[in-house]
K.L.:
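Structure provided below as structure tokens; questions to follow.
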There are 2 protein chains.
Amino acid sequence: MAATTHLEASLARRRSLTDEERVVLRALPSERSTYAHGDLIVREGIAPEGSCLLVRGMAMRAHRIGRSERVVSALHVPGDFVDLHSFLLDHLDHDIVAVGPCTIDFVAAEHLEEITRDYPHLGRLLWLETLIDAKMHRMWVATRAALRGSQRVGHLICELHARLGMVGLVNGGGFEMPLDQRGLAEVLGYSVVHVNHAVRDLRAEGLLEWTGGRMRLPDPGGLAEFAGFDPAYLELTHPKG
Amino acid sequence: MAATTHLEASLARRRSLTDEERVVLRALPSERSTYAHGDLIVREGIAPEGSCLLVRGMAMRAHRIGRSERVVSALHVPGDFVDLHSFLLDHLDHDIVAVGPCTIDFVAAEHLEEITRDYPHLGRLLWLETLIDAKMHRMWVATRAALRGSQRVGHLICELHARLGMVGLVNGGGFEMPLDQRGLAEVLGYSVVHVNHAVRDLRAEGLLEWTGGRMRLPDPGGLAEFAGFDPAYLELTHPKG
DNA sequence: CGGCACTTTGAGAGTGGTCAAACGTCGTGG
DNA sequence: CCACGACGTTTGACCACTCTCAAAGTGCCG
């Protein structure tokens, strides 16, 4: 599937697109790359000449604060326009790192500028994507203050389940999980040992199965209830045209 | 000063505006309101018909997660377009609450739509404001993972010092601080007792003076060094036209 | 002077970190 | 087929960070 088809699907999942807009998106040039687990997709500090659309795999934003190890501020799933914002900002303040094998489509900044100039509604949909990213960031801030241990782990798992479900990557109640317990700890700001205990507790409660790089939620509602997860912040529906 | 002059100043602090754009912004109708400390400015779940520009005071975003007390995901200072995103999203997933006495200018959604439609560059500046919000959110996620205790408290104080400085609200090395220790704890996701100890330590190190609702940084560089604070993420400069 | 709100201190307990070691699993090479 | 090593998972011991509850101290204002 071409890059632009992915962008089309990505925008269409939240708002309706006209036929003309679909044509414009399909005609949008892009360049495809693949990465292995842990590869640097975009390096902190550089001025990217385009933005990257995540087609397959996951990616994370990794910051360096003071003298600490890298810390993760966000996780992205297929369909996410990972650094769409870099075409208005001049440089990234963090790395973008591949989580599991990744496929990325790069879209040049000039083409994004054309879209925002010539197709205001499409421009607003791109803006909307960045606003939803911001909502997720705020929810991460809030859940880190409100939840501890297995609830916090469960909340992230619910979020991934919902986000991957939206792009058709959940089947049989489960999904591919490219992060191991160490990676999950890094994303959550926990230690491996602590995540291990939280996962053990979720398993014991019958709320999580996780083997061989695949996660399954035997009782998604129960996990959501347990973790205080309300998917409203993900804007999964089509409320406006 | 009229609402629209504030918006003009707000956008001009990061990018250059043309004379025409300044005229458009000054002609933008808005409605002014004032609030007392703790007042609800916008309630979770409603569909606002406009966006609010913070003119004076501070405001915070307060979430409810699971069965927890309210948790704060962001803090806003004068010049911030607090819920600019609500004109593309259909409802807020959190409250916006006044911190100290606040003045707010409401701008109707239809006028924002006109601007984004008729003045693409202005639209991009509005988009940029929301992108910088998102950067701050990510930094909050990252600092909560990377920093503890007095470093985390110090980082927030450095951020406030920098953001208030950008809008001319720092004088004599200090600024008005409408939050008390309890409020600061709420914003940081800490308990009052813990914040009190962190503040005590910062004072003992000569990095903070805080009396009578006013905060002063005797050694801003020293505090930034101590807290691992790098203001780059706030985009204080004018790198693009 | 008497409230009242905020700050400060102390004690005890839960959450989460570090270090270290044991255990499993899986792919490679003999 | 088995031995081996690499890597991820699991467990235990111990300690630091942070919370809650409680109470005392401080400053402001009627």
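The sequence lines fix the lettering, A, B, ..., with proteins before strands; numbering per chain opens at 1.
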K.L.:
To the nearest angstrom, how far is B:Glu186 atom CD from D:dT18 atom P?
P.N.:
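Rounded to the whole Å, the gap is 18 Å.
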K.L.:
Please list, by residue number, the residues of residues 191-198 of chain A whose heavy atoms come closer than 4.0 Å to an atom of DNA chain C; answer none if no residue qualifies.
P.N.:
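Contacting residues: A:Ser191, A:Val193, A:His194.
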K.L.:
With sequence neighbours excluded, tell me which residues meet salt bridge (charged side-chain N to carboxylate O under 4.0 Å, His left out) with A:Glu209.
P.N.:
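So A:Glu209 forms a salt bridge (charged side-chain N to carboxylate O under 4.0 Å, His left out) with A:Arg216.
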K.L.:
Could you note down all residue pairs passing salt bridge (charged side-chain N to carboxylate O under 4.0 Å, His left out) where residues 175-197 of chain B supplies at least one of them, sequence neighbours left out?
P.N.:
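Every salt bridge (charged side-chain N to carboxylate O under 4.0 Å, His left out) pair that includes a residue of residues 175-197 of chain B, provided the two are not neighbours, is B:Arg70-B:Glu186, B:Glu176-B:Arg214, B:Asp180-B:Arg182.
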K.L.:
Base, sugar-phosphate or nothing for A:Gly213? Non-hydrogen atoms, less than 4.0 Å.
P.N.:
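Result for A:Gly213 = nothing.
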K.L.:
Sort and list the pairs that fulfil side-chain hydrogen bond (donor to acceptor under 3.5 Å, both in side chains) and have at least one residue in residues 41-59 of chain A, not counting sequence neighbours.
P.N.:
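As it turns out, the side-chain hydrogen bond (donor to acceptor under 3.5 Å, both in side chains) pairs with a partner in residues 41-59 of chain A, which skip direct neighbours, are A:Arg56-A:Thr103.
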K.L.:
Earliest and latest nucleotide of DNA chain C, 5' to 3', sitting under 4.0 Å from a non-hydrogen atom of chain A?
P.N.:
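Boundary nucleotides touching chain A, in 5' to 3' order, are C:dT15 to C:dC19.
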K.L.:
Could you tell me if B:Arg138 sits above the aromatic ring of B:Tyr233, with its cationic atom closer than 6.0 Å to the ring centre and no more than 45 degrees from the axis?
P.N.:
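Not satisfied by the 6.0 Å and 45° rule.
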K.L.:
To the nearest Å, how far apart are A:Leu184 CG and D:dT10 P?
P.N.:
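To the nearest whole Å, that distance equals 12 Å.
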K.L.:
So, using salt bridge (charged side-chain N to carboxylate O under 4.0 Å, His left out) as the criterion, who are the partners of A:Asp95 when residues are at least two apart?
P.N.:
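A:Arg64.
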K.L.:
If you look at every heavy atom in A:Cys102 and A:Leu54, which pair is closest and at what distance?
P.N.:
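Smallest interatomic distance, heavy atoms only, reads SG-CD1, 4.1 Å.
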K.L.:
Filter on ring pair (Phe, Tyr, Trp, His ring centres under 6.0 Å), then keep only pairs touching residues 31-61 of chain B, sequence neighbours left out; what's left?
P.N.:
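For residues 31-61 of chain B, and leaving out neighbouring residues, there are no ring pair (Phe, Tyr, Trp, His ring centres under 6.0 Å) pairs at all.
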K.L.:
Calculate the interatomic distance between B:Tyr190 atom OH and D:dT20 atom C1'; express it in whole Å.
P.N.:
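Taking OH of B:Tyr190 and C1' of D:dT20, I get 16 Å after rounding.
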K.L.:
Given side chains that start at C-beta, do those of A:Leu40 and A:Ile96 come closer than 4.5 Å, heavy atoms only?
P.N.:
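Side chain of A:Leu40 against side chain of A:Ile96, heavy atoms only: no contact under 4.5 Å found.
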K.L.:
Under a 4.5 Å cut-off applied to non-hydrogen side-chain atoms, are B:Asp219 and B:Leu223 in contact?
P.N.:
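Counting from C-beta outward, B:Asp219 and B:Leu223 never come under 4.5 Å.
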K.L.:
For residues 192-200 of chain B, dump all side-chain donor-acceptor pairs below 3.5 Å to protein atoms at least two apart in sequence or in another chain.
P.N.:
from, atom 1, to, atom 2, distance (Å)
B:Asn196, ND2, B:Gln181, OE1, 2.9
B:His197, NE2, B:Arg200, NH2, 3.4

K.L.:
Scan the side chains in residues 71-83 of chain A for donor-acceptor partners under 3.5 Å anywhere in the protein, sequence neighbours excluded, and list what turns up.
P.N.:
from, atom 1, to, atom 2, distance (Å)
A:Ser73, OG, A:His63, NE2, 2.8
A:His76, ND1, A:Asp80, OD2, 2.9
A:His76, NE2, A:Arg61, NE, 3.2
A:His76, NE2, A:Arg61, NH2, 3.0
A:Asp80, OD1, A:Arg13, NH2, 3.3
A:Asp80, OD2, A:Val77, N, 3.0
A:Asp80, OD2, A:Arg163, NH2, 2.8
A:Asp83, OD1, A:Cys52, N, 2.6
A:Asp83, OD2, A:Ser86, OG, 3.4

K.L.:
Atom CG of B:Leu188 and atom P of D:dC17: how far apart are they, to the nearest Å?
P.N.:
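Value for this atom pair: 17 Å.
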K.L.:
Roughly how many Å is it from CG in A:Leu179 to C1' in D:dT9, rounded to a whole number?
P.N.:
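Between C1' of D:dT9 and CG of A:Leu179: 15 Å.
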K.L.:
Which parts of residues 139-155 of chain B get close to DNA chain C, meaning a heavy atom less than 4.0 angstrom away?
P.N.:
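DNA chain C contact set from residues 139-155 of chain B: none.
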K.L.:
Walk along nucleotides 23-30 of chain D from 5' to 3' and tag each nucleotide B, S or - by protein heavy-atom contact under 4.0 Å, base first, then sugar-phosphate.
P.N.:
--------
K.L.:
Looking for any heavy atom pair under 4.0 Å, which part of the strands does B:Gly183 touch: base, sugar-phosphate only, or nothing?
P.N.:
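B:Gly183: no heavy atom of the nucleic acid under 4.0 Å.
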K.L.:
For B:Ile65 and A:Met139, work out which heavy atoms get closest and say how close.
P.N.:
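B:Ile65 and A:Met139 have their closest heavy atoms at CD1-SD, 3.5 Å.
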K.L.:
Would you say a side-chain N or O of A:Arg182 is under 4.0 Å from OP1 or OP2 of D:dC7?
P.N.:
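Answer is no, no contact under 4.0 Å.
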K.L.:
For residues 151-184 of chain A, pull every pair meeting ring pair (Phe, Tyr, Trp, His ring centres under 6.0 Å), keeping only residues two or more places apart or in separate chains.
P.N.:
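For residues 151-184 of chain A, and leaving out neighbouring residues, the ring pair (Phe, Tyr, Trp, His ring centres under 6.0 Å) pairs sorted by first residue read A:His155-A:Phe229.
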